[in-house]
Amino acid sequence: MLGHFQIPKPQNEKIYDYSKGTKEANALKAELKRLSSETIEIPLFINGKEVFTGSTGEFTSPHNHSLKLAKYHKASKEHVQQAIDSAMAAKKEWENYTYHERASIFLRAAELLAGPYRATLNAATMLGQSKTAYQAEIDSACEAIDFLRFNSYFMSKIYENQPNSSAGIWNYMEYRPLDGFVFAVTPFNFTAIALNLITSVMLMGNTVVWKPAMSALYSAHFIVQLLKKAGLPDGVLNMLQGPGSVIGPMVITDPNLAGIHFTGSTDVFNGMYKSIGENIAKYRCYPRLVGETGGKDFIFAHSSADVKALKAAMVRGSYEYQGQKCSAASRAYIPKSVWNAMKDDLIKDIKAIKMGDPEDFSNFMSAVIDNSSFENIKKYIDYAANSNEAQILAGGGCDKSKGYFVEPTLILTTNPMFKTMHEEIFGPVMTVYVYDDADYEKTLDLCVNTSVYALTGSIFADSRQAIKTAFEKLRHSAGNFYINDKPTGAVVGQQPFGGSMKSGTNDKAGSYLNLIRWVSPRAIKETLCPSSEIIYDYMKTHDNK
């Protein structure tokens with residue numbers, strides 16, 4: 001490297017609103033029409049090659065069962081081993097790329113995504129994961145682009161962090177990749193998270209075996225195409241789709257496993273953690289475990305809260321993307337005075353939410369991701385409907401005749417430990433507990449002790465003293481805490497994302513903190529003029545007689 005190449009600090013990508021008649025809206029609608037009109041084939045991706053296994057499945061849209069988007073090929077044990085071997089074979093060459101050479105690939109991917117790939121990845125996310133145009137834009141375009149640009153910048157800052165040196169000595173630090181390959185397991189709900197979980201690891205010089213969520217396989221296929229177009233070398237990324245029971249055990253027990261980058265359910269991560277412990281003696285190194293898991297995210301209001309702002313945050317925070325965000329609000333603590341002032345308008349606003357096909361840009365919501373999710377959410381709604389401790393105030397309808405549609409649902413409970421107040425649902429269901437205004441601090445304690453999760457939460461209050469009290473009492477209840485805002489919408493470079501307790505390892509995606517987990521530093525001491533003496537000078541001053 002014949003120069004010190006600086007990566008400029010990026011700005012967050014501009015969000016397009018897709019208003020009627022804009023060129024962005026027209027381009028997206030045209031791409032939706034094109035993708036909807038064809039059924040593509042999704043192969044495995046191993047060592048830079050498309051692998052068609054012959055064992056196939058069908059990928060249909062969550063909001064329209066009759067819309068067949070793809071036929072996909074499933075991995076066997078043989079393919080899993082090929083992917084591992086490919087990742088290990090590519091490792092040496094990839095780690096010898098300079099940081100600016102690696103960054104150039106992902107910065108190019110960002111530009112491609114900001115330009116010619118924007119409509120394609122947004123349309124794929126809308127059709128395959130049932131996101132509205134705006135929800136896709138902030139995810140598969142803007143957040144994904146931000147991850148690529150900001151992570152490249154953060155990487156350069158990590159490499160610039162060097163130790164002090166004393167006279168005659170030069171100390172420096174090399175940020176090596178890990179001692180093996182990394183297994184990335186990505187979720188359905190954010191295309192940007194899938195992109196980040198693989199690219200943040202690769203950016204730091206590691207090679208990856210990737211298992212995307214089967215319900216997000218459609219957009220994953222286009223991510224592979226994007227990275228290949230950007231110049232990613234063969235073998236650095238290897239994508240496997242198929243049963244977790246086939247892929248997971250082989251990858252997790254391989255001696256060359258160096259890390260897991262995971263977003264998904266707490267139970268699955270618990271199982272991975274347990275398996276790593278059981279197999280710890282066989283690994284060449286101690287695998288890094290980075291995981292973002294469940295959440296039971298809250299909105300907490302004080303009697304001084306702005307009622308209109310609170311109401312808007314509850315609707316958007318609970319029902320955008322059908323409540324399928326890791327950060328989506330699913331429980332609310334509202335003082336009686338505020339509840340009496342907002343209840344009727346809140347119910348009216350929820351009932352007015354328009355739900356349907358995301359290709360209709362006037363819809364606020366669409367379908368939940370699959371039948372398993374649909375049945376799970378319905379189970380909680382039915383439980384509330386049949387309980388003497390709860391009342392459904394809005395929504396509650398579930399219909400999967402055309403797509404997996406669940407109405408935005410508002411539950412009122414008299415029990416702060418009610419089932420829907422502490423169990424993760426991952427759907428468009430908000431449960432409200434109304435407390436006496438005088439019990440503010442007591443109810444804050446209830447909020448802290450209700451859930452095993454600590455991902456996101458928010459406080460609404462005009463009183464600074466009330467905010468200060470909540471800030472302190474809720475310190476360990478959320479890794480991302482919002483004051484007078486909904487608990488969703490973390491922005492890369494502004495609000496690094498992650499939670500603690502059973503919400504994950506809190507390694508903060510969207511910051512240098514996550515990237516540092518994917519390196520194994522080597523400290524080097526270079527003595528510029530080494531001594532040839534054996535006896536130390538102080539010893540010569542003493543009389544040995």
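Along the sequence shown, the residues carry numbers beginning at 1.
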- prompt: Can you name the side-chain contact (heavy atoms from CB on, under 4.5 Å) partners of Pro249, sequence neighbours left out?
  reply: none
query: Just wondering, are more than 12 heavy atoms of other shown residues or ligands nearer than 6.0 Å to CD in Gln11?
result: no
- line: Asp382 meets the salt bridge (Lys or Arg N to Asp or Glu O under 4.0 Å) criterion, sequence neighbours left out, with Lys378
Pair Arg331-Cys447, side-chain contact (heavy atoms from CB on, under 4.5 Å): steps then yes or no: CA-CA 9 Å; Arg331 55 184 169 127; Cys447 178; 3.7 Å; yes
- request: Using atom types as modelled and distance alone, determine if a side-chain donor or acceptor of Thr505 lies under 3.5 Å from a backbone N or O of Val290.
  value: no
- line: For Phe222, the ring pair (Phe, Tyr, Trp, His ring centres under 6.0 Å) test, sequence neighbours excluded, returns Tyr218
- request: Check whether the ring centres of His65 and Tyr404 lie less than 6.0 Å apart, and answer yes or no.
  value: yes
message: Looking at every non-hydrogen atom in both residues, tell me the closest pair between Leu217 and Phe59 and how far apart they are.
response: N-CE1, 3.9 Å
message: Ignoring hydrogens and geometry beyond distance, is a side-chain donor-acceptor pair present between Asn122 and Tyr18 at under 3.5 Å?
response: yes
message: Once you measure the plane-to-plane angle for Phe300 and Tyr333, does it fall in the parallel (<30°), tilted (30-60°) or perpendicular (>60°) bin?
response: parallel
- prompt: Nearest heavy-atom pair of Ile299 and Ala313: which atoms, and what distance?
  reply: CD1-O, 3.8 Å
query: Looking at OG1 of Thr132 and CE of Met126, how far apart are the two atoms once the value is rounded to the nearest 0.5 Å?
result: 7.0 Å
message: Under a 3.5 Å distance rule, please check whether Arg118 uses its side chain to pair with a backbone N or O of Leu28 as donor and acceptor.
response: no
message: Can a side-chain donor-acceptor contact be found between Ser327 and Lys325 if the only test is distance below 3.5 angstrom?
response: no
OH (Tyr283) with more than 12 external heavy atoms under 6.0 Å: yes
- request: Could you pull out all residues at least two apart from Asp507 that satisfy salt bridge (Lys or Arg N to Asp or Glu O under 4.0 Å)?
  value: Arg517
task: Apply salt bridge (Lys or Arg N to Asp or Glu O under 4.0 Å) to Arg149 and list each qualifying residue two or more places apart in sequence or on a separate chain.
output: Glu13, Glu111
message: Looking only at the side chains, is there a donor atom on one of Ser337 and Asp437 sitting less than 3.5 Å from an acceptor on the other?
response: yes
- prompt: If every non-hydrogen atom of Gly510 is compared with every non-hydrogen atom of Val492, which pair is closest and at what distance?
  reply: CA-CG1, 4.0 Å
- prompt: Using a distance-only test with no angle check, is there a side-chain donor-acceptor pair under 3.5 angstrom linking Ser463 and Ser304?
  reply: no
message: Show the nearest heavy-atom pair for residues Ile158 and Tyr512, with the distance to one decimal.
response: CD1-O, 3.9 Å
message: Check Lys336 with Asp436, please: is the shortest side-chain N to carboxylate O separation under 4.0 Å?
response: yes
message: Could you check whether atom OH of Tyr134 has more than 12 heavy atoms from other residues, nucleotides or ligands sitting under 6.0 Å from it?
response: no
- prompt: If only atom types and distance count, is the side chain of Asn206 paired as donor or acceptor with the main-chain N or O of Leu178 below 3.5 Å?
  reply: yes
Any side-chain heavy-atom pair of Asp370 and Phe188 under 4.5 Å: no
statement: So side-chain hydrogen bond (donor to acceptor under 3.5 Å, both in side chains) across residues 305-317, not counting sequence neighbours, yields Lys311-Asp349
field: Salt-bridge present (Asp360, Lys354; N to O < 4.0 Å)
entry: yes
- request: Compare all side-chain heavy atoms of Ile276 with those of Ile252 and state whether any distance is below 4.5 angstrom.
  value: yes
statement: What one should report as the nearest heavy-atom pair of Ala213 and Pro187 is CB-C, 3.6 Å
query: Can you tell me how far OG1 of Thr253 sits from CG of Asn279, rounded to the nearest 0.5 angstrom?
result: 6.0 Å
- line: Closest non-hydrogen atoms of Ala384 and Phe418, given as atom of the first, atom of the second and distance, are CA-CZ, 4.0 Å
message: Checking Val80 against Val251 for the side-chain contact (heavy atoms from CB on, under 4.5 Å) test, could you report, in this order, the C-alpha distance in whole Å, the side-chain angles of both residues, the deciding distance, and whether it holds?
response: CA-CA 7 Å; Val80 177; Val251 176; 3.7 Å; yes
message: Pairing donors with acceptors under 3.5 angstrom, does anything connect the side chains of Asp399 and Ser401?
response: yes
- prompt: Is any side-chain heavy atom of Lys343 closer than 4.5 Å to a side-chain heavy atom of Val434?
  reply: no
query: Quick one: does Ile198's side chain get under 4.5 Å of Leu227's, heavy atoms only?
result: yes
Ile347 CD1 to Met342 CE distance, which is reported to the nearest 0.5 Å: 10.0 Å
message: Please determine whether a side-chain nitrogen of the Lys or Arg among Glu375 and Lys379 lies less than 4.0 Å from a carboxylate oxygen of the Asp or Glu.
response: no
- prompt: Do the side chains of Phe106 and Met202 get nearer than 4.5 Å, heavy atoms only?
  reply: yes
message: Given 3.5 Å as the limit, does a donor-acceptor pair link the side chain of Asp357 with the main chain of Ser366, or not?
response: no
field: Partner set under ring pair (Phe, Tyr, Trp, His ring centres under 6.0 Å) for Phe471, not counting sequence neighbours
entry: none
- prompt: Is the backbone of Thr263 close enough, under 3.5 Å, to the side chain of Glu292 for a donor and an acceptor to pair up by distance?
  reply: no
- prompt: Any sub-3.5 Å donor-acceptor pair from Lys296's side-chain atoms to Thr420's backbone N or O?
  reply: yes
- request: With sequence neighbours excluded, tell me which residues meet ring pair (Phe, Tyr, Trp, His ring centres under 6.0 Å) with Phe269.
  value: Phe262, Tyr273
query: Can you list the residues that meet the side-chain contact (heavy atoms from CB on, under 4.5 Å) rule with Ser511, with sequence neighbours excluded?
result: Pro496, Lys508, Leu513
- prompt: Counting only N and O atoms by type, is there a donor-acceptor contact under 3.5 Å from the side chain of Ser458 to the main-chain atoms of Lys486?
  reply: no
Residue pairs passing the side-chain hydrogen bond (donor to acceptor under 3.5 Å, both in side chains) test where at least one lies in residues 190-203, sequence neighbours excluded: Thr125-Thr191, Gln129-Thr191, Asn151-Asn196
field: Side-chain touch Tyr435/Leu446, heavy atoms, less than 4.5 angstrom
entry: no
message: With side-chain contact (heavy atoms from CB on, under 4.5 Å) as the criterion, how do Lys400 and Asn371 come out once you've worked through the C-alpha distance, each side chain's angles and the decisive distance to 0.1 Å?
response: CA-CA 8 Å; Lys400 61 178 182 180; Asn371 185 63; 2.8 Å; yes
- prompt: Does the side chain of Tyr321 reach to within under 4.5 Å of the side chain of Ile369, using non-hydrogen atoms?
  reply: yes
- prompt: Can any side-chain N or O of Thr266 pair as donor or acceptor with the backbone N or O of Lys502 at less than 3.5 Å?
  reply: yes
message: Looking at Glu137 and Lys131, is there a salt bridge between them, counting it only when a charged N and a carboxylate O are closer than 4.0 Å?
response: no
query: Who passes salt bridge (Lys or Arg N to Asp or Glu O under 4.0 Å) against Lys419, sequence neighbours left out?
result: Glu423
message: Would the distance check show the side chain of Asn480 and the main-chain N or O of Gly457 forming a donor-acceptor pair, the cut-off being under 3.5 Å?
response: no
query: How would you list all residue pairs meeting side-chain hydrogen bond (donor to acceptor under 3.5 Å, both in side chains) that involve residues 387-396, not counting sequence neighbours?
result: Glu389-Asn415
query: Hey, does the side chain of Ser503 reach the backbone of Thr293 with a donor-acceptor pair shorter than 3.5 angstrom?
result: no
query: Leu444 versus Leu474: any side-chain heavy-atom pair under 4.5 Å?
result: yes
